[in-house]
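Let me begin by presenting the structure, written as structure tokens, before commenting on it.
Per chain, numbering begins at 1; letters A, B, ... match sequence-line order.
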Amino acid sequence: MLPKAYDPKLVEEKLAKLWQDKQVFKSKIDAAKKPYVIVIPPPNITGALHIGHGLNNTLQDVLIRYHRMKGESANWVPGLDHGGIATQNVVEKALAKEQKLTRHDLGREQFVQHVWQWYKECGNTIYNQFEKMGWALDQSNIRFTMDEKRAASVYESFKRLWDKKYIYRGKRLINWCVRCSTALSDAEVEHEQRAGSLWHLRYKGEDGGEGIVIATTRPETIFADVAVAVNPKDERYQNLLGKKVIIPLTNRAIPVIADEAVELGFGTGALKITPAHDAVDYEVGKRHNLEALSVINDKGKMINTPQKYLGMDRDLAKKEVVKDLEESGLLVKTEKYVNAVSTCYRCNSPIEPFLSEQWFVKMDNLAANALKAIEDNRVNFHPERWRTQTTNWLKNIQDWCISRQIWWGHRIPVWYCRHCSQKGLTFIKDKQGNEQLTKVSFEDGAKPIVSQTKPVCPDCGGNDVVQDPDVLDTWFSSALWPFSVFDWPAQTPELKYYYPTSMLVTGYEIIYLWVARMIMMGLEFMDDVPFPDVFLNGIVRDKTGKKMSKSLGNVVDPLDLIKKYGADALRFSLLLQAAPGKDIPYGEDSIVGPRNFCNKIYNAARFIQMNMEGFDKKLDLPKENTELCDKWILSRYNKAIKATAEAIENYNMAAAAETLYHFLWGDFCDWYIELAKPRFNTDGKEHVLAILVQVLYGTLKALHPMMPFITDEIAMSFKKFTSENKEFLIEETYPLTNAAFVDEAALKDMALLQGIITEIRTIRAQFNVPPSLKIKTLLATKDAWEAEVINKHQNYITAMAKVAALTLATEIEKPRQAATAVYGNTTIYIPLEGLIDFDKEKARLNKELATVNNGIANRQKMLGNENFIKNAPAEQIAKAKEELKQMELKAEQIKTSISGLD
RNA sequence: GCCCAGUUGGCGCAGUUGGUAGCGCGUUCCCUUGACAUGGGAAAGGUCACAGGUUCAAGUCCUGUACUGGGCACCA
């Protein structure tokens, strides 16, 4: 005998292994089949996967398994991302904690080796999670953004962009993260409101006059000021234009200039211009041909300042400068102020606008092509609203800063001859005593040689060349992912067959970082969009709607949940909440219902098998069905399957999951199995078993993309009763719906019986009639159809409502001491001698009468409105008339019942 | 400042083309009936944020307001 409760642990472990061993997830090129391809958003190797990955990949898995069962050649391409800065940060942290070492202690080469080691461990953790989640990823064929073939893709794309002059090196004010010590692209910068101060500082006139008062949030940068700007229309300062003022705490004089960028109403109307440390100021500086002075270096330390502040951290310097300003009497006022701070998306520390030479990709042409593709509907977004978000971003795009001053990543494939580029190269000795190229300046004469491997200098023929120290933005390799996974630039059969992919499933938070760039690169290198559809999923938040984060301590670990509830339950809990485009508030209580659902399925299957002892032959679906509930369940089944498939194709996984949940639990278990029980003792046993088996099996198939483990496990034990010859459900065909099985009359008849049964149960509950007590019930109806249906299926009512004796007639005089209910045109009397409480019954009936009267008044009002008669569609009018008739009848019956109580 | 989304029973959410509302959890009551107490049966609970408008009819369409969340923007 099987255990009473379903235990997912053994089943899931067994199947996960079996699926991999038998390579059921392997995709084969098959010219006869339509390819269905999804490339996984490769998780960063920064640690174990979180619940957000759980959602994103489960959605993909549903689509992959569904399309595979639809007969397509489904290929879900697995892979991992090296995750540049994020990974380097994680590894550095671990290194510091475990060995008290910095990356500089190891040196570049050793550090990179160390990260490769980390990749092996972390990668295995992630692969293990892929398996535990039941994702149909072919583990034998995993890509990594840093492996050899992907490196070839990166080089090729760099080279082509370079040859087209799309890649260039330029000196710009870029986003610099002091903590990560690297440049970032605009897309990697986040903005948040932070409380700070606005300091009003007096810059005295060079002539000894009062000068001007400026307002700033960054007093530590005054030493880099090169001007004070005012709006040209500002009448207050006309007399100062062209004059010079002295920077406080120094004796350097700077001019007062006029520029439109200065807003009249803000602060004092005077703005200090610091081109090297502020983006607006940089533009103003360019317009006025001003020098850009730097006073903060790449480590966030002060440089080029008065002696006192040299080497200070920027935050300390701010405090010190404010203090000194106060003492000097030049601090006029300190205002509380909330300003927008740019922060690093990886470490959340404030971004420093920093003037430096970096590598960029020219974006105008790339973006224009992507924009056109999206506007031409060659790429579609689900939900649709992300389309305009993306096109707006593309329209306002800035060139992409692709160089990162970190060690982990694809090294920029550019080399310099130490001889010919001498002046542009800066070397320092690292801790190991090796000379390392740290800075490259094209302005100072460095000459690039683009090459994947160490080249010979084309100018002098020498081979004393060094590679650019920077690595590429991790998103650069990600942007190539939809074709690099098929080994582009090699023209592989896979590339031909699987590109463009069918669908991208990802979170909306990386549309700009990733999705838009894949579209650009796909168009550029493959001359086609990488995918026609983008399915954006929401963020999994905690139960109160907050973003999950380690520091808040509100993260839920998928592995914990799997251990406790099983992977199927975890998957289903996410899918049930995955309404299109919605964030998901997730707590442990989300998974309890799905876990119970697994148990319900398991027990339904167990029950059916208990009644199949002795059977070992195929039980095909009966062609002829005369029994109402058989016709009914087949109708419900076909409708449910159809609705599920439609929901999946509309990316509404919540609707798909809910449909099957209610069909299986409600229709199948609560009604059909219950009605089947008495039939096990009759000649109809084989017939009903066949329907039970076939409907259950079909539902398992439909459910398989969402809950792969339990469905496969149960299906295996039913296989011998079916004509299926495949070992696993994923290899079988998604259940076909057959409209011929949808019998509207059966649905209508069954609804009547269910309604009457529910009314009887309600009365039983109301008067606390114990289930063990079978009661007498009288039904009266003048409706010929109702009478016929009831008469024919009295056994449904007696079984489901625990009725002992059922009397049916066109008219029945209300028995004494009976409770009454009305369903349709049928009046239900239940004699409850000694059990009935007249006041309670009267109150109940009055309440019901009120509801019906309300409905009557409503319909009368509608039908009395001549505009309604004139404008409403005929079917609506007929519906209202019919409802009115029914309700009036019902009201009469209830009134009769009430008067009978007196 | 601009743009987008949301505001539906205690909580979390659905609601397709307009025909007066559903689900899960929770709550209350009854039930260990021979698949399942991770269960069965039943009940209570909502003027669909607010104000206008269109319409015979609005949770559903339009306008405005408020609040919440998100994105974008050079406000020092």
Side-chain angles (χ1 to χ4, degrees), chain A residues 2 4-6 190-191 198-199 214-218 229 261-263 265-274 278-284 337 339-340 383 385-386 388-389 392-393 396 508-509 511-512 539 541 543-545 565 569 573 576-577 579 581-587 589-590 592-611 646-647 650 652 654-655 658 661-662 669-670 673-674 677 757-758 761-772 800-802 854-855 858 861-863 865-873 875-877 879-880:
Chain A
L2 293 163
K4 282 172 95 175
Y6 174 63
E190 287 175 352
H191 303 274
L198 185 63
W199 287 278
I214 60 98
T216 183
T217 53
R218 303 211 55 194
V262 184
E263 205 177 305
F266 189 87
T268 62
L271 172 64
K272 73 191 205 59
I273 300 300
T274 320
D278 185 278
V280 181
D281 295 8
Y282 186 71
E283 294 304 317
V284 175
Y337 184 65
N339 61 335
R385 76 185 124 99
W386 293 108
T388 39
Q389 297 273 335
N392 283 344
W393 184 77
N396 299 309
Y508 59 76
E509 71 275 17
I511 289 182
Y512 309 144
I539 294 170
R541 298 172 178 277
K543 202 71 207 173
T544 63
Y565 302 96
S573 67
L576 267 176
Q577 296 188 74
K582 289 283 183 157
D583 285 354
I584 295 178
Y586 196 91
D589 52 341
S590 298
V592 176
R595 187 270 314 263
N596 296 351
F597 182 48
C598 289
N599 192 54
K600 189 76 186 177
I601 301 168
Y602 168 81
N603 271 292
R606 179 168 155 258
F607 176 68
I608 294 168
Q609 289 196 334
M610 277 169 56
N611 287 286
E646 277 173 6
N650 289 322
N652 190 342
E658 204 182 284
Y661 178 88
H662 283 120
C669 291
D670 291 344
I673 290 184
E674 290 307 320
K677 282 178 181 173
I757 290 162
T758 302
R761 285 170 168 177
T762 303
I763 289 174
R764 295 184 64 118
Q766 214 98 46
F767 295 99
N768 293 340
V769 182
S772 50
M800 299 296 282
K802 310 252 185 254
N854 201 9
N858 202 290
K861 197 177 144 202
M862 264 168 100
L863 292 164
N865 182 340
E866 59 180 63
N867 284 322
F868 175 72
I869 304 298
K870 207 160 62 190
N871 298 318
E875 58 178 66
Q876 287 297 336
I877 297 170
K879 192 178 152 206

Nearest-neighbour nucleotide for the [X] side chain, [options] considered:
| X | options | value |
| --- | --- | --- |
| A/Lys4 | B/rA37, B/rA42, B/rG19 | B/rA37 |
| A/Val280 | B/rC74, B/rG19, B/rA42 | B/rC74 |
| A/Lys582 | B/rG12, B/rG24, B/rA14 | B/rA14 |
| A/Asn599 | B/rU38, B/rC4, B/rA14 | B/rU38 |
| A/His662 | B/rG24, B/rC56, B/rC75 | B/rG24 |
| A/Phe868 | B/rA42, B/rU33, B/rC56 | B/rC56 |
| A/Pro585 | B/rC13, B/rU33, B/rC36 | B/rC13 |
| A/Asn871 | B/rC56, B/rG12, B/rG19 | B/rC56 |
| A/Ala872 | B/rA35, B/rC36, B/rG19 | B/rG19 |
| A/Arg761 | B/rU38, B/rG19, B/rA42 | B/rA42 |

For [X], report the nucleic acid contact type (base, sugar-phosphate, nothing); a contact means any heavy atom under 4.0 Å.
| X | answer |
| --- | --- |
| A/Thr216 | sugar-phosphate |
| A/Glu674 | base |
| A/Ala340 | sugar-phosphate |
| A/Asn339 | sugar-phosphate |
| A/Ala215 | base |
| A/Thr758 | sugar-phosphate |
| A/Pro383 | nothing |
| A/Cys669 | base |
| A/Asp670 | sugar-phosphate |
| A/Val284 | nothing |

Round to the nearest Å and state the distance from [X] atom [atom1] to [N] atom [atom2].
| X | N | atom1 | atom2 | value |
| --- | --- | --- | --- | --- |
| A/Lys272 | B/rC75 | NZ | P | 16 Å |
| A/Tyr6 | B/rA37 | OH | P | 17 Å |
| A/Tyr508 | B/rG71 | OH | P | 8 Å |
| A/Phe607 | B/rU38 | CZ | C1' | 18 Å |
| A/Arg606 | B/rG34 | CZ | P | 12 Å |
| A/Tyr512 | B/rC72 | OH | P | 6 Å |
| A/Arg541 | B/rG69 | CZ | P | 10 Å |
| A/Gln766 | B/rC30 | CD | P | 13 Å |

Within 45° cone of A/Phe607 ring axis and under 6.0 Å: A/Lys677 NZ or CZ: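 Verdict for A/Phe607: a cation-pi partner in A/Lys677.
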
Take the angle between the ring planes of A/Tyr661 and A/Phe597 and call it parallel below 30°, perpendicular above 60°, tilted in between.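 Correct class here is tilted.
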
May I ask you to decide if the ring planes of A/Tyr6 and A/Tyr602 are parallel, tilted or perpendicular, using 30° and 60° as cut-offs?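 Answer is tilted, since the angle falls between 30° and 60°.
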
Given side chains that start at C-beta, do those of [X] and [Y] come closer than 4.5 Å, heavy atoms only?
| X | Y | answer |
| --- | --- | --- |
| A/Ile511 | A/Gln389 | no |
| A/Asp589 | A/Lys543 | yes |
| A/Pro585 | A/Gln577 | yes |
| A/Arg606 | A/Asn603 | yes |
| A/Val284 | A/Val262 | no |

Between [N] and [M], how far is it from one [atom1] atom to the other, in whole Å?
| N | M | atom1 | result |
| --- | --- | --- | --- |
| B/rG10 | B/rA44 | P | 16 Å |
| B/rA49 | B/rG59 | P | 10 Å |
| B/rU17 | B/rC74 | P | 38 Å |
| B/rG6 | B/rG45 | P | 30 Å |
| B/rC2 | B/rA73 | C1' | 8 Å |
| B/rC61 | B/rG22 | C1' | 22 Å |
| B/rC23 | B/rU65 | P | 36 Å |
| B/rG46 | B/rG9 | P | 10 Å |

Phosphate OP1/OP2 of [N]: any [X] side-chain N/O under 4.0 Å:
| X | N | value |
| --- | --- | --- |
| A/Lys600 | B/rG40 | yes |
| A/Lys543 | B/rG12 | no |
| A/His191 | B/rC72 | no |
| A/Asn596 | B/rG39 | yes |
| A/Lys677 | B/rA35 | yes |
| A/Thr388 | B/rC4 | no |
| A/Arg385 | B/rC4 | no |

Work out which heavy atom in A/Lys272 is nearest to a heavy atom in A/Asp281; give both atom names and the distance.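 Smallest interatomic distance, heavy atoms only, reads O-OD2, 3.1 Å.
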
Does any N or O in the side chain of A/Arg541 come within less than 3.5 Å of the main-chain N or O of A/Tyr586, such that one atom is a donor and the other an acceptor?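 Checking the backbone N and O of A/Tyr586 against the side chain of A/Arg541, no donor-acceptor pair under 3.5 Å is found.
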
Tell me which nucleotide, if any, is Watson-Crick or G-U wobble paired with [N] when both distances must be under 3.5 Å.
| N | value |
| --- | --- |
| B/rU16 | none |
| B/rC2 | B/rG71 |
| B/rA44 | none |
| B/rA49 | B/rU65 |
| B/rA37 | none |

Given RNA chain B, 5'-ward residue of the pair A/Asn768 and A/Glu658, judged by closest heavy atom: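 Upstream on the strand: A/Glu658.
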
If you assign A/Ala604 and A/Arg595 each to the RNA chain B nucleotide with the nearest heavy atom, which residue ends up on the more 5' nucleotide?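 Looking at RNA chain B, the more 5' nearest nucleotide goes with A/Ala604.
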
